[in-house]
Amino acid sequence: MLHYAVVFLIIALVAGFFGFFGIAGVAATIAKVLFVIFLILFIASLVFGRRRM
């Protein structure tokens, strides 16, 4: 999932560089959402993974 967030971030940077600010905004928003979901799942896996031990 972190891979997809980085891909959308790169798409946003390239689109912003070429002047497609609408597409860049959408791609940046998707990247932010995916990164937050990744962080939530990462923290959840740390918490629930420690309980099994």
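Each residue takes its place number in the sequence, starting with 1.
A distance of 11.0 Å separates CG of L41 from CZ of F48, quoted to the nearest 0.5 Å. The CG atom of L34 sits 9.5 Å away from the OH atom of Y4 when rounded to the nearest 0.5 Å.
Note on L13: it does not cluster hydrophobically with I11, by side-chain heavy-atom contacts below 4.5 Å among ILVMFWY residues. Cluster annotation: I37 and L39 are assigned to the same hydrophobic cluster (Ile/Leu/Val/Met/Phe/Trp/Tyr, side-chain heavy-atom contacts under 4.5 Å, transitive). Cluster annotation: I23 is not connected to V7 through the hydrophobic network of ILVMFWY side chains, with a link wherever side-chain heavy atoms come within less than 4.5 Å. Linking ILVMFWY side-chain heavy atoms closer than 4.5 Å, directly or via other members, places L2 and I10 in two distinct hydrophobic clusters. Follow the hydrophobic side-chain contacts under 4.5 Å out from V6 and you reach V14 in the same cluster.
The shortest non-hydrogen separation linking A24 to G16 is CB-N, 3.6 Å. Between A5 and F35 the shortest heavy-atom distance is CB-N, 4.0 Å.
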